J.: 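Encoded as structure tokens, here's the structure I'll be asking about.
Numbering of ligands and ligand atoms starts at 1, following listing order. These figures come from a predicted structure and were not determined experimentally.
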Amino acid sequence: MKRVGVIGGGQLAWMMGGAAQKLGVELIVQTPSNQDPAVAIAQDTILAAVDDADATKMLAAKSDVITFENEFVDLEALSQLANQGVCFRPRLEALAPLLDKYHQRRYLSDLGLPVPQFFAIEPQEDLAAKIADLDFPIVLKSRRHGYDGQGTFIIRDLATLQEKLELSSNNPTLFLVEEFIPFERELAIIAARSVDGEVVIYPVVETQQEQQVCRRVIAPAEITPEQVATAEAIAYKLLNSLQVVGVFGIELFLTADGKVLVNEIAPRTHNSGHFSLDACETSQFEQHLRAVCGLPLGNPTLQYATAVMVNLLGYETSQSDYQNKRQQLAAIPQARVHWYGKTESRPGRKLGHVTVLLENQNQTLASEIAQTIEYIWYSS
Ligand code: ADP
């Protein structure tokens with residue numbers, strides 16, 4: 001497998017560029033705009049929305065295998081292509097239970113994996129009775145197309161819930177309600193599975209979100225060996241049961257009493273694994289290409305005692321490329337700045353990230369470095 005078609009051309013596809021070169025793999029991307037980051041590193045581009053299955057048919061004609069950097073695809077239409085022999089990795093059956101957050105929760109709980117209590121909102125039902133078992137706050141989530149906290153709402157009372165549902169009036173079945181987990185920390189784990197069923201797992205990391213958006217990642221997370229083992233067991237069980245080929249990201253909650261719950265599955269490379277570009281022998285992006293190309297998997301272990309990754313999120317609408325700030329960030333010892341080459345900044349948009357590598361396991365220093373990076377980036 002030498003030609004990999006990638007559905008989606010954002011930063012996740014862009015970060016496959018270096019690995020593709022190293023492995024001698026060609027990337028062809030399907031993405032709506034020629035301003036999208038991965039267009040710059042792709043051998044060829046099909047300019048189309050990610051859910052345009054006719055475009056994916058053209059992509060298939062140029063590729064040996066098709067993979068995803070964005071899962072908001074039209075699975076039904078793609079399954080016709082699969083029936084005609086197009087090779088998708090991961091296979092479409094591995095995506096099918098995950099694209100709707102309610103189906104995903106059902107799949108995870110049927111597998112026996114620990115998840116928050118949840119239910120779907122049905123039309124015309126007595127909401128008050130249904131949520132009687134849950135204490136406020138609760139979490140309301142769009143079942144489809146949520147990302148970076150878009151579509152996730154923390155709701156403090158019944159009136160606000162009803163108001164929110166009326167505002168989004170057209171179809172309440174688009175929502176899922178779940179128990180609010182007063183987590184102690186959020187964790188994530190990246191795992192990859194090969195064509196032969198080999199599974200490799202990256203170190204469990206701590207992720208820090210603000211307003212539901214990932215701001216920082218610290219690798220490894222400072223948790224007990226039992227908690228690491230629990231997170232790894234979740235990853236094995238999930239990837240094996242779905243027979244995944246490729247990389248998956250798994251977001252977890254760690255509760256105050258030490259329990260690990262699954263929050264969300266990303267059926268692709270994930271923001272919580274960006275540290276691996278600089279801190280691991282095989283990055284999540286190379287690992288993903290290795291898996292989908294049928295190559296043996298690489299070494300996922302951390303090559304440094306600690307890595308801290310900070311997202312550079314847009315804080316204004318602008319065309320700036322922030323040269324000056326990027327230079328200041330690059331001057332931090334052991335810092336690597338990754339700039340996605342987006343031509344427009346908007347509040348909350350992921351424009352790049354910085355990873356700093358430490359020789360000692362020192363979470364306090366890691367937090368201080370994250371603060372320094374954010375001070376440079378967000379101060380005017
Ligand atoms: P998205 O798909 O938009 O990333 P997530 O379901 O991952 O949405 O939620 C984003 C963030 O919202 C989580 O990282 C967490 O901080 C918070 N969150 C989500 N679900 C819950 C929950 N049940 N309890 C507490 N916080 C939650």
Side-chain angles (χ1 to χ4, degrees), residues 8 10-12 50 68-73 95 97-109 113-121 130-131 133-157 160-161 164 168 174-190 204-218 221 223 231 234-235 238 248-274 309-311 313 346-350 353:
Q11 65 266 18
L12 299 175
V50 295
F68 308 87
E69 78 110 51
N70 181 317
E71 64 276 25
F72 299 152
V73 294
L95 297 186
L98 304 179
L99 301 194
D100 172 313
K101 288 190 187 204
Y102 174 65
H103 295 158
Q104 184 182 119
R105 282 258 177 276
R106 288 261 306 260
Y107 184 83
L108 296 170
S109 67
L113 296 178
V115 293
Q117 282 185 63
F118 68 97
F119 59 80
I121 296 182
K130 196 143 181 193
I131 58 172
D133 286 350
L134 295 183
D135 290 329
F136 281 99
I138 53 149
V139 184
L140 179 72
K141 293 185 177 181
S142 302
R143 288 174 56 166
R144 285 186 178 269
H145 294 180
Y147 72 101
D148 286 350
Q150 312 269 344
T152 294
F153 311 96
I154 294 168
I155 306 267
R156 307 213 170 258
D157 53 58
T160 315
L161 177 62
K164 189 91 205 160
S168 344
L174 297 176
F175 288 99
L176 157 76
V177 167
E178 61 184 45
E179 161 195 17
F180 177 82
I181 304 295
F183 53 79
E184 197 225 14
R185 267 177 286 167
E186 290 189 83
L187 308 173
I189 189 165
I190 298 285
V204 181
V205 299
E206 175 178 344
T207 66
Q208 298 174 357
Q209 274 62 233
E210 279 176 26
Q211 267 113 40
Q212 284 90 46
V213 181
C214 176
R215 294 286 293 261
R216 296 159 222 109
V217 172
I218 299 174
I223 53 174
I234 290 170
L238 181 76
F248 268 36
I250 304 171
E251 299 174 14
L252 305 162
F253 296 128
L254 178 66
T255 64
D257 56 355
K259 284 205 209 66
V260 176
L261 304 180
V262 181
N263 174 27
E264 195 180 35
I265 311 300
R268 50 169 165 76
T269 56
H270 188 250
N271 199 168
S272 65
H274 290 0
M309 190 282 325
V310 179
N311 277 335
L313 302 178
R346 287 193 299 275
R349 196 168 191 214
K350 289 176 176 166
H353 73 264

J.: Just to be sure I read this right, does ligand 1 sit under 4.0 Å from the backbone of I181, its side chain, both, or neither, counting only heavy atoms?
T.: both
J.: What residues form a side chain to side chain donor-acceptor pair (under 3.5 Å) with R268, not counting sequence neighbours?
T.: E71
J.: Once rounded to the nearest 0.5 Å, what's the spacing between atom CD of E178 and atom OG1 of T152?
T.: 8.0 Å
J.: Has K130 got more than 12 heavy atoms of other residues, nucleotides or ligands less than 6.0 Å from its NZ?
T.: yes
J.: List ligand 1 atoms under 4.0 Å from G149, heavy atoms only on the residue side.
T.: 1 (P), 3 (O), 4 (O)
J.: When only distance counts, is F183 in polar contact with ligand 1, meaning an N/O pair under 3.5 Å?
T.: no
J.: Please report whether ligand 1 has a polar contact with P116, defined as an N or O pair separated by less than 3.5 Å (distance criterion only).
T.: no
J.: Using a strict cut-off of 4.0 Å, indicate which atoms of ligand 1 neighbour a heavy atom of K101.
T.: 1 (P), 2 (O), 5 (P), 6 (O), 8 (O)
J.: Report the part of Q209 (side chain from C-beta onward, or backbone N, CA, C, O) that has a heavy atom under 4.0 Å from ligand 1; answer both or neither where that applies.
T.: side chain
J.: Is the shortest heavy-atom distance from the side chain of L108 to the side chain of L238 under 4.5 Å?
T.: yes
J.: Is it the case that more than 12 heavy atoms not belonging to R106 sit under 6.0 Å from its CZ atom?
T.: no
J.: Check each atom of ligand 1 against the heavy atoms of E186 and keep those under 4.0 Å away; list them by number with element.
T.: 13 (C), 14 (O), 15 (C), 16 (O)
J.: Measure D148 to ligand 1 on non-hydrogen atoms and call it side chain, backbone, both or neither using the 4.0 Å cut-off.
T.: backbone
J.: Is it the case that the side chains of Q208 and E206 hold a donor-acceptor pair, with the cut-off being a distance below 3.5 Å and no angle test?
T.: yes
J.: Applying side chain to side chain donor-acceptor pair (under 3.5 Å), name anything that partners H353, two or more places apart in sequence or on another chain.
T.: Y340
J.: Show me which atoms of ligand 1 lie under 4.0 Å from any heavy atom of E251.
T.: 7 (O)
J.: Quick one: look up the protein heavy atom nearest atom 4 (O) of ligand 1 and list residue, atom name and how far away it is.
T.: E264 OE1, 3.5 Å
J.: Please list, in number order, the atoms of ligand 1 under 4.0 Å from a heavy atom of E178.
T.: 20 (N), 21 (C), 22 (C), 23 (N)
J.: Heavy atoms only: which of F253, F180, F118 lies closest to atom 27 (C) of ligand 1?
T.: F253
J.: Just jot down the ligand 1 atoms closer than 4.0 angstrom to any heavy atom of K141, in number order.
T.: 6 (O), 19 (C), 20 (N)
J.: When you look at CZ of F72, are more than 12 heavy atoms from neighbouring residues, nucleotides or ligands closer to it than 6.0 Å?
T.: yes
